[in-house]
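Heads up, the thing below is written out as structure tokens.
Order of the sequence lines sets the chain letters (A, B, ...), proteins ahead of strands, with each chain counted from 1. In this text the structure is predicted, and so the values were computed from the model without any measurement.
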Protein chains: 2
Amino acid sequence: MGCEIKRCGDKEYYCTVELTLQIIGGKWKPIILWYLHTNGTQRFGELRRTMPNITQKMLTQQLRELEADGLVHREVYPQVPPKVEYSLTELGTSVVPVMRTMCEWGQSYEKAVAQAADGRDAA
Amino acid sequence: MGCEIKRCGDKEYYCTVELTLQIIGGKWKPIILWYLHTNGTQRFGELRRTMPNITQKMLTQQLRELEADGLVHREVYPQVPPKVEYSLTELGTSVVPVMRTMCEWGQSYEKAVAQAADGRDAA
DNA sequence: CGGTATCCGCGGTGATACTG
DNA sequence: CAGTATCACCGCGGATACCG
């Protein structure tokens with residue numbers, strides 16, 4: 001039990017945890033999703049300025065993957081100079097609570113580690 | 001805002017979502033944690049048989065990382081042949097709800113994708 | 001402005017063999 | 001039984017340059 005490989009589109013996984021991980025995991029996707037959620041619809045350049053450390057290539061790539069997975073909507077305005085806006089879809093909005101849960105656990109983990117460090121310092 | 005890098009031990013992150021991802025993310029950790037939770041304390045060989053596709057090296061490595069992060073307890077019985085048991089710590093048990101949330105979202109995502117596929121087939 | 005195209009290093013992952 | 005050790009691959013992510 002639990003050893004069979006399942007498929008969803010092009011993604012393979014044993015457990016749906018992994019499926020979720022493939023969609024919102026990676027170095028940049030959580031941050032992108034987070035900013036799209038907190039700041040709302042944004043242009044490519046705005047996202048870029050918000051995340052100074054991501055390269056243009058990676059931002060484009062990750063946004064396209066999120067679009068392909070149905071989490072992000074990409075609106076192209078046919079004008080010069082180009083204008084492209086990104087926003088969360090309904091599906092994208094539905095991941096926010098999941099991310100919030102992960103956030104909260106991460107925070108409690110931070111505290112647990114800090115307390116363990118204090119314990120060692122006191123000893 | 002949100003651009004500062006935070007640290008927790010050897011891990012760097014902007015948001016605690018990423019911290020969580022670094023701890024329970026990757027190809028094998030969710031499965032390992034899941035089996036440890038559902039099946040309880042297990043020996044190395046039992047875990048291996050449960051996950052036929054993981055290599056011995058990866059299983060060892062991932063278990064050690066989980067141990068270093070405080071999610072897994074490693075009990076070595078000094079005997080020949082060796083016996084080593086792995087179990088979830090309290091901290092490890094605390095991630096289970098997070099994984100459950102991710103599981104549930106993954107399942108709803110599966111359904112959304114399946115329905116979208118049905119829609120295209122009908123058209 | 002919002003992208004592609006190309007090249008490349010590094011680390012995550014795996015196959016295989018050996019060991020206390 | 002439960003590991004190390006070693007070698008090799010490959011894909012993620014980054015740097016840089018060019019394009020409509």
Gap between atoms [atom1] and [atom2], on [X] and [N] respectively (whole Å):
{"X": "B:Phe44", "N": "D:dC1", "atom1": "CZ", "atom2": "P", "result": "11 Å"}
{"X": "A:Gln62", "N": "D:dC12", "atom1": "CD", "atom2": "P", "result": "9 Å"}
{"X": "B:Leu21", "N": "D:dG13", "atom1": "CG", "atom2": "P", "result": "11 Å"}
{"X": "A:Leu63", "N": "C:dT4", "atom1": "CG", "atom2": "P", "result": "11 Å"}
{"X": "B:Arg48", "N": "D:dA2", "atom1": "CZ", "atom2": "C1'", "result": "10 Å"}
{"X": "A:Gln61", "N": "C:dG2", "atom1": "CD", "atom2": "C1'", "result": "16 Å"}
{"X": "B:Leu59", "N": "D:dC1", "atom1": "CG", "atom2": "P", "result": "14 Å"}
{"X": "B:Gln56", "N": "C:dG14", "atom1": "CD", "atom2": "C1'", "result": "13 Å"}

(Q) Please compare A:Ile54 and B:Tyr86 by the position of their nearest nucleotide in DNA chain D and report the one closer to 5'. (A) B:Tyr86
Q. Given A:Glu65, which of A:Lys11, A:Arg74, A:Lys29 fulfils the salt bridge (charged side-chain N to carboxylate O under 4.0 Å, His left out) condition?
A. A:Lys29
**Q.** Along DNA chain C (nearest heavy atom to each residue), the more 5'-positioned of A:Pro81 and A:Thr60
**A.** A:Pro81
Choose from [options] the nucleotide whose nearest atom is closest to any side-chain atom of [X].
{"X": "A:Pro82", "options": "C:dG3, D:dG20, D:dT4", "value": "D:dG20"}
{"X": "A:Trp28", "options": "D:dA2, D:dG13, C:dT13", "value": "D:dG13"}
{"X": "B:Lys57", "options": "D:dG3, C:dG2, D:dC7", "value": "D:dC7"}
{"X": "A:Met58", "options": "D:dG13, C:dG3, D:dA2", "value": "D:dG13"}
{"X": "B:Thr55", "options": "C:dG14, C:dT13, D:dG3", "value": "C:dG14"}

Q | B:Asn39 to B:Gln42 - nearest heavy-atom pair and separation | A | CB-NE2, 3.3 Å
Check the phosphate of [N] against [X], side-chain N and O only, distance under 4.0 Å to OP1 or OP2. Yes or no?
{"X": "A:Arg64", "N": "C:dG3", "result": "yes"}
{"X": "B:Arg74", "N": "D:dG3", "result": "yes"}
{"X": "A:Arg43", "N": "C:dG2", "result": "yes"}

Q) When you measure from the centre of the six-membered ring of A:Tyr77, is the NZ or CZ of A:Lys83 under 6.0 Å away and within 45° of the axis? A) yes
Q. Do the side chain of A:Lys27 and the base of D:dG13 come within less than 3.5 angstrom through a donor-acceptor pair of N or O atoms?
A. no
Q. If you round to the nearest 0.5 Å, how far is NE2 of A:His73 from CG of A:Leu36?
A. 12.0 Å
Q: Compute whether any side-chain donor of one residue and acceptor of the other, for A:Tyr13 and B:Glu110, lie under 3.5 angstrom apart.
A: yes
